[in-house]
2 protein chains.
Amino acid sequence: MRLSTRAQYAVRAMVDLSLHSEGRPVSLREIAQREDIPLNYLEQLFNRLRRGNIVESVRGPGGGYLLARESAAILVGEIVATVEEPLTPVSCMDKGKGRCTRTAACTTHTVWEMLGERIRNFLDSITLEDLVSEARRRIAGAEQ
Amino acid sequence: MRLSTRAQYAVRAMVDLSLHSEGRPVSLREIAQREDIPLNYLEQLFNRLRRGNIVESVRGPGGGYLLARESAAILVGEIVATVEEPLTPVSCMDKGKGRCTRTAACTTHTVWEMLGERIRNFLDSITLEDLVSEARRRIAGAEQ
DNA sequence: GTATAGTTGACAAAAATTGTATGGTATGTT
DNA sequence: AACATACCATACAATTTTTGTCAACTATAC
Ligand code: FES
Ligand code: FES
């Protein structure tokens, strides 16, 4: 039940982006440095985030990424789901895939289904803005 | 965010065991056949389950495994945690491990911590007995 | 004593994740 | 136009984790 580093990286990077953007595009190079994430790997993640309509890109010098919407309208669950395709606990829910073999009438299926729902609901209950304002509080607290 | 097959196998096997035991030990060979799980793999899982005090073993011919307690006192969360060591979403919670590098003040840590809590709470809210009686209902329904 | 069935540890195969490399395209600046 | 920046895309390599297998051993019922 581990989250991939993809998901961890993506959320951290999105917080970083929000904190440092202020309307201007932020380059991945900056984010990669600040958050200590391999640049090329981050590029892959942001490709997905762009296709997922979570960020917009600006090419050329001075370019970078911008939030596609206000941070209060971006859910952590979206970010995670976008970079970590299946947010379901078991593969039989993947569509196309069959049920698990034999099975004790597969009573367990329901459990995993509900578990997935709980996970998604929780992650969708937190917005990027929640994390950003929390981060700002911490920074303010550390300064004084 | 995938559950290992270890966890899926273990829960299914435990349901199977409960359904077929009725006080008598059930051999892994039976379970492996009914649930289509590699026998040797299942042995490893039941070793962990035994050490986790979830089942008891009876050696020799006619032997097998028994529930260590009544099924109503066995939580699905226990079974999963026993075979799938870390039920935490990120490794920085593993004790001994450091925090994630750099980090946007690691606001995200709290999110993963809460997520882990939710997952554990949910899985601990379901007992093996819940699954077994659900399975019995299905079997009865299928028969008529 | 023999067959059954759990116990254990080492190891191999396979899959998934994580990270790297390379070559592109768009665009602002000089 | 040339050049530098920074996104875009794909392929591939390294690593780690998961999954499965093998072999040897111990206890016990018959
Ligand atoms: S069919 Fe989904 S877990 Fe068995
Ligand atoms: S320290 Fe735990 S996620 Fe960053």
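It should be emphasised that the depicted structure is a prediction, and the values quoted were computed from it without experimental measurement.
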Below 30° counts as parallel, above 60° as perpendicular, anything between as tilted: where do the rings of B:Tyr9 and B:Tyr41 land?
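Plane angle over 60°, so perpendicular.
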
Sidechain-backbone polar pair: B:Thr5 side chain, B:Gln8 backbone, donor-acceptor under 3.5 Å:
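Flag not set: sc B:Thr5 to bb B:Gln8 has no pair under 3.5 Å.
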
Under 3.5 Å: donor-acceptor pair, side chain of A:Glu84, backbone of A:Leu3:
no

How long is the straight-line distance from CD1 of B:Ile79 back to CD1 of B:Ile126, given to the nearest 0.5 Å?
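That separation rounds to 10.5 Å.
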
Could you give the distance from OG1 (A:Thr127) to CD (A:Glu70), rounded to the nearest 0.5 Å?
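The distance works out to 9.5 Å.
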
Which residues in residues 40-56 of chain B have at least one heavy atom lying under 4.0 Å from any atom of DNA chain C?
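Correct list: B:Glu43, B:Gln44, B:Asn47, B:Arg50, B:Arg51.
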
Provide, to the nearest angstrom, the distance between the [atom1] atom belonging to [X] and the [atom2] atom belonging to [N].
X	N	atom1	atom2	result
A:Leu39	D:dC8	CG	P	12 Å
A:Glu30	D:dT5	CD	P	14 Å
A:Arg29	D:dC8	CZ	C1'	16 Å
B:Leu3	D:dT19	CG	C1'	14 Å

Please list, one pair per line, the donor and acceptor atoms closer than 3.5 Å that link side chains of residues 48-56 of chain B to other protein atoms, with sequence neighbours excluded.
{"residue": "B:Arg48", "atom": "NH1", "partner": "B:Val83", "partner atom": "O", "Å": "3.1"}
{"residue": "B:Arg50", "atom": "NH2", "partner": "B:Asn47", "partner atom": "OD1", "Å": "2.9"}

With A:Glu134 via side-chain hydrogen bond (donor to acceptor under 3.5 Å, both in side chains) - residues at least two apart:
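For A:Glu134, the residues satisfying side-chain hydrogen bond (donor to acceptor under 3.5 Å, both in side chains) (neighbours in sequence not counted) are A:Arg137, A:Arg138.
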
In chain order, what residues pass the side-chain hydrogen bond (donor to acceptor under 3.5 Å, both in side chains) check against B:Ser71, with sequence neighbours excluded?
B:Glu129

Contact under 4.0 Å: [X] side-chain N or O vs [N] OP1/OP2:
X	N	answer
A:Ser57	D:dC8	yes
A:Tyr9	C:dG19	yes
B:Ser4	D:dT18	no

Closest to the side chain of B:Arg6, out of C:dT17, C:dA5, D:dT18, is D:dT18

B:Leu28 side chain: which of D:dT19, D:dC7, C:dG6 is closest?
C:dG6

How would you summarise protein contacts on nucleotides 24-30 of chain D per nucleotide, using B for base, S for sugar-phosphate only and - for none, with heavy-atom distances below 4.0 Å?
--BBBB-

By side-chain contact (heavy atoms from CB on, under 4.5 Å) - contacts of A:Ser21 (at least two apart):
A:Leu17, A:Val26, A:Leu66

